[in-house]
There are 2 protein chains.
Amino acid sequence: MNEDTRLKVKAAVKELGYQRNEVARSLKVRSTRSIGILAPEFTNFFFMEVVEAIGRVLAENGYSMIVASSSGSVEQEKLNLRSLIERNVDGLVVMPSGLEGGHFKNKALKNTPIVVLDRKVEGIETDTVISDNRYGIKEILKGLAAEGHRRIGFIGGDLTFFTAKERYLGFIEGMKELGLEIDESCIFTEGLMLQSDGYEQLKKAFALEDPPNAYVIANDSLHIGCTTYALQNIPIDVRSNLVFATFDYLSYGPLLRYAHYAAAQRMEEIGIETAQILLKRLGGDMSDFPQVVMLRPEIKVLDFNGGKPFAHHL
Amino acid sequence: MNEDTRLKVKAAVKELGYQRNEVARSLKVRSTRSIGILAPEFTNFFFMEVVEAIGRVLAENGYSMIVASSSGSVEQEKLNLRSLIERNVDGLVVMPSGLEGGHFKNKALKNTPIVVLDRKVEGIETDTVISDNRYGIKEILKGLAAEGHRRIGFIGGDLTFFTAKERYLGFIEGMKELGLEIDESCIFTEGLMLQSDGYEQLKKAFALEDPPNAYVIANDSLHIGCTTYALQNIPIDVRSNLVFATFDYLSYGPLLRYAHYAAAQRMEEIGIETAQILLKRLGGDMSDFPQVVMLRPEIKVLDFNGGKPFAHHL
DNA sequence: ATGAAAGCGCTAACAC
DNA sequence: GTGTTAGCGCTTTCAT
């Protein structure tokens, strides 16, 4: 193009303050350069951290995010999905509210890449990015064992949830591999892994005649609940013998005084990986579909709480 | 319309799986039913909680949210803003990255309602929803005073930030109103109010020859940092005399052992209020523009940590 | 009550 | 290298 004309146009753009109408463009080229993000709720550190990373990578590539929270309801998730389809999102990142994902088989989604985050979902084949839950649990369990604990409790959640089940299975497998005896009375797998569930479960544990000192805790919210219960209800001479190994390690980790070992999910990497798979699919590259990326959490020894280095990665 | 035809159409919709193309509709009616959300970062509990509430109210009214994180950079905020304008968002919620908001005077935003959250911004007249920072600080300060503390430290942040400044001023005013002497050496207002700043500031305080026991802490991240420092570096007999009064009270609040009083921001209400003002403006109602809503935080007495009921709301 | 047609702002294809 | 035009899928208006 003529350099002269080029400059004239540029000047006019500035002069008139022209801004492209992306809506019209989208209609024409059948691409909105927007990605729908479907989450059960926003108020979740894991999710925020992952979305921040996804957003950064997407923004670098010219995509925006349309986010929708389902408040944990599959019904709302379906409504949100519909709305995102109507908005012609080019791709979808889903942290599913339920176990079943039949509604993602919508014809309108035929050419829309979907990446599922954090959990696996049944009835649908998609790219998936998750943490290696079993690995993480097994490793931190080794830490407890290395300290000499043999009777170890487990504080988890309802086994119908993907992460709850995986972490539970990691615990069971890990105990077996270590040759430790599993005491069913010290295993708690009820509830939604919320803070209040952690509180109640440690309470139940301490209602036993001989509660164990060592616990594997399946997530961060449970951990806060357990620590809260301990601080408020267990005498100091007893609670100071508590030893926890937990999933997740977040900004307020240093406050969780009984945690010796943590399997910290690599949230930023999960986000980056998710965005990259999505971009690859958007670019038409369907290699390795459906791709399941499982990222190992980082094993942390919390020495300031009394954790001791141990041989992990055997 | 003919009932018969109506049913036929409905059947056809179901049969063919028709879904409206919102992009085409938007182009025609010049409204995208989408709201842009501009934030400095997502990894912030206050913000997420507020966005969750905003999203709920907006979804009930048929709006979606397009979110963009600016990573604290005003430059990125400008880019994000441009992208949102190009996408023809019907309205904007902004938690500004900087103090100055000249870029929101864009001609393309002439008819786009904007609500500013959490901070005030210069160079622009908009509806604004914030917490009553001074009120909150003054009230929790009363709690410390009621316990008999007279020499009280302040842990805050760089006064060029709106909330940092307001909370600092609340502290100064509050001390004066209570007739307490302000010891400049115990006032820390450097940094961005991050966790690491809290850690460093309490360290500095304890490098004084006679550090105070009581502190007002300007936000949650600082609070975690302070508590971490105390737990890791101050001998137990000394730290057990610490008394904190802080802004914010979040899920992990129970772990913050030295907090006796907290001014908990009403995040859900802030979100609801924000969304409602936006919807009002979108409906063409410009009454009270520019509206500044200031919500009082809830004053909490953390009795399980040793907080004692006191006369607030004098 | 139904059908036909214009046009939102853009891009892509084509002719000049 | 530049100018013209069709048409994306919808809503709205006007004619039947």
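Per chain, numbering begins at 1; letters A, B, ... match sequence-line order.
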_Please determine whether the number of non-hydrogen atoms from other residues, nucleotides or ligands lying under 6.0 Å from atom NZ of K280(B) exceeds 12._
yes

*asked:* Atom CD of residue position E100(A) - does it have more than 12 heavy atoms of other residues, nucleotides or ligands inside 6.0 Å?
replied: yes

*Is a side-chain donor-acceptor pair under 3.5 Å present for Q265(B) with D248(B)?*
yes

*asked:* Students often mix this up, so state it plainly: with edges at 30° and 60°, are the rings of F45(A) and F45(B) parallel, tilted or perpendicular?
replied: perpendicular

*List in numerical order all residues of residues 10-23 of chain A for which some heavy atom is under 4.0 Å away from an atom belonging to DNA chain C.*
Y18(A), R20(A), N21(A)

*Do any of residues 24-35 of chain A sit with a heavy atom less than 4.0 Å from DNA chain C, and if so which?*
A24(A), R25(A), K28(A), V29(A)

Each nucleotide N or O in nucleotides 13-16 of chain C that has a protein N or O under 3.5 Å away: list the pair and distance.
none

*Taking 4.0 angstrom as the limit, do E268(A) and R56(A) come out as a salt bridge?*
yes

*Ring centroid separation for F42(A) and F42(B), is it under 6.0 angstrom?*
no

*asked:* Can you see whether Q195(A) engages S221(A) through a side-chain donor-acceptor pair at a distance of less than 3.5 angstrom?
replied: no

*Give a yes/no verdict on a cation-pi contact between R167(A) and F247(A), requiring under 6.0 Å between NZ or CZ and the six-membered ring centre and an angle within 45° of the axis.*
yes

_Looking at E15(B), I want to see if its CD is surrounded by more than 12 non-hydrogen atoms of other residues, nucleotides or ligands under 6.0 Å._
no

*Check: S287(B) main-chain N/O paired with R281(B) side-chain donor or acceptor under 3.5 Å*: yes

